[in-house]
Number of protein chains: 2
Amino acid sequence: MANRFDTKTRILDAAERLFAERGFSETSLRLITSKAEVNLASVNYHFGSKKELIRAVLARYLDVFMPAASQAINTQRKLEQQATLEQIFSSLVGPLLKLNQLCPDGTRTFLQLLGRGYIESQGHLRWFITSHYGEHLQTFVRAVTESVPEIPAADIFWRLHFTLGTVVFTMASADALMEIAAADFAEQNDIAAVIRKVIPYISAGVAVSGK
Amino acid sequence: MANRFDTKTRILDAAERLFAERGFSETSLRLITSKAEVNLASVNYHFGSKKELIRAVLARYLDVFMPAASQAINTQRKLEQQATLEQIFSSLVGPLLKLNQLCPDGTRTFLQLLGRGYIESQGHLRWFITSHYGEHLQTFVRAVTESVPEIPAADIFWRLHFTLGTVVFTMASADALMEIAAADFAEQNDIAAVIRKVIPYISAGVAVSGK
DNA sequence: AATTATTTTAAACGAGTGTTTAAAATAATC
DNA sequence: GATTATTTTAAACACTCGTTTAAAATAATT
């Protein structure tokens, strides 16, 4: 079971690539199964429905990323008595890039899926994540709060959601942006480069002192 | 013509609300025409196709916002020899809030449409905007560039797109966020208040010196 | 080897999509 | 007021969608 070439895995692999590229509702089961070279009905046989397939695709990444992320943050906290925001955000880079071992281009795929999910599911994904990975999320929020103790909790709430928007939107359109950057500025970026670009931006935004 | 109650306007009004709430591909012409209380075929009669209806919905806002925005920036530039980033972003608040006169909740609707369009249209909207409102965009980008001359053009490109993500994502989930803020922090916000919160965040992010 | 359980398959189902058509209704023009 | 032009309408078209079905093929168990 869980063979790299069995039907279930072939479906997940094809689905995650297409979902990330085109979005969930724009990707038909017929397209997925034709790319995966499996029968159309096998999706409903193995996953029950398209909605459950979407969840399975997301869970395969979240189950790896979320524990790794909170563990990285805790490790960071033990190294530095008082980690900076940039250090906290940077500690997520490792777990993110490790997803490339899960699938080729796993990091980009995961972040794009996250972006698409947040935008398409109108809060449904937010509920799924907080209810399934709430403890890991709290680890992160607590680390941020401690690193900028002068910022009121309400402002941190708002700014972390601004940050979520930044990351999610950027990743959903990362392909297009990298293409434009290559054409207009002769920049050759990959997803790791985009992540490095976004960290100073979000760190400065969350930490800014102005009201 | 252009009556508030004629078929064409009723279609646009219903469409923009549904597009902003649910996205373009998730909104059927049948849903639009039933909410607008017009016949299904009238969309194709007046607009030709769904794709052209989407463009018309966006254009109705862009035609108002874009000139107002670039004019506000030019006015700002004459007041201050060297405007700060925060001043530049703030000068967009007026034109944004003025959209509420166009339609109830016009500001949020516009920003949500913009976000949906950028993500769903695979770069099609970006082309549409730059080709139709390129001069106004350049006014804005030039003002930003001049206010942070030490930032390379490529970094400005990336950070302005981060900013776009921050704003459209925040506006898309503004209702839910304001509700949470009210419950958890006893904050009573409206859209204008959220915009005031986001300006220091994006200003700090765009201006940050760290590589 | 025979029987049972699991998986795969082709075909169809019913519902929903954007679009087109041609006739009916309304408005504008002479 | 008769004749155009414009707009509205109901119906159908051709297509795609997720899902279901029941038979065929494969695997596992006894």
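Values reported hereafter were calculated over all heavy atoms of this structure, with side chains retained and with hydrogens, waters and symmetry mates removed. Every chain is numbered from 1 and lettered A, B, ... according to where its sequence line falls, protein lines coming before strand lines.
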Discussion item. Among residues at least two apart in sequence or on other chains, which ones pass ring pair (Phe, Tyr, Trp, His ring centres under 6.0 Å) with B:Phe185?
Written reply: A:Phe157
Discussion item. Walk along nucleotides 16-22 of chain C from 5' to 3' and tag each nucleotide B, S or - by protein heavy-atom contact under 4.0 Å, base first, then sugar-phosphate.
Written reply: -BBBBB-
Item to complete: Report the residues that fulfil side-chain hydrogen bond (donor to acceptor under 3.5 Å, both in side chains) with A:Gln101, sequence neighbours left out, ordered by chain and then residue number.
Response: none
Worksheet item: Would you say a side-chain N or O of A:Thr7 is under 4.0 Å from OP1 or OP2 of C:dT8?
Response: yes
Worksheet item: For the pair made of CG in B:Asn39 and C1' in D:dT9, what is the distance, rounded to whole Å?
Response: 5 Å
All N/O donor-acceptor pairs, side-chain side in residues 124-132 of chain B, below 3.5 Å, sequence neighbours left out:
unit_1   : atom_1 : unit_2   : atom_2 : d
B:Thr130 : OG1    : B:Arg126 : O      : 2.8
B:Thr130 : OG1    : B:Trp127 : O      : 3.1
B:Ser131 : OG     : B:Trp127 : O      : 2.9
B:Ser131 : OG     : B:Phe128 : O      : 3.2
B:His132 : ND1    : B:Phe128 : O      : 3.1

Discussion item. Test of understanding: with salt bridge (Lys or Arg N to Asp or Glu O under 4.0 Å), list the residues that count as partners of A:Arg108, not counting sequence neighbours.
Written reply: A:Asp105, A:Asp175
Practice prompt. With sequence neighbours excluded, tell me which residues meet ring pair (Phe, Tyr, Trp, His ring centres under 6.0 Å) with B:Phe110.
Written response: B:Tyr61, B:Phe65
Worksheet item: Starting at CD1 of A:Ile32 and ending at P of D:dC17, how long is that distance when rounded to a whole Å?
Response: 11 Å
Fill in: Phosphate-side-chain proximity, A:His46 and C:dT6, N/O vs OP1/OP2 below 4.0 Å
no
Fill in: Qualifying residues under side-chain contact (heavy atoms from CB on, under 4.5 Å), relative to A:Asp184, sequence neighbours excluded
A:Ile180
Could you list the protein-to-nucleotides 23-28 of chain D atom pairs, N/O on both sides, closer than 3.5 Å?
none

Worksheet entry | Value in whole Å for how far the P atom of C:dT7 lies from CG of A:Asp6 | 10 Å
Practice prompt. Please test B:Phe169 against A:Phe169 for ring pair (Phe, Tyr, Trp, His ring centres under 6.0 Å), starting from the C-alpha separation and ending with a verdict.
Written response: CA-CA 7 Å; B:Phe169 181 89; A:Phe169 179 91; 9.1 Å; no
Response to the item:
Residue set satisfying side-chain contact (heavy atoms from CB on, under 4.5 Å) with B:Ser34, at least two apart, ordered chain then number -> B:Leu31
Fill in: Whole-Å gap separating P (D:dT19) and CZ (A:Phe47)
13 Å
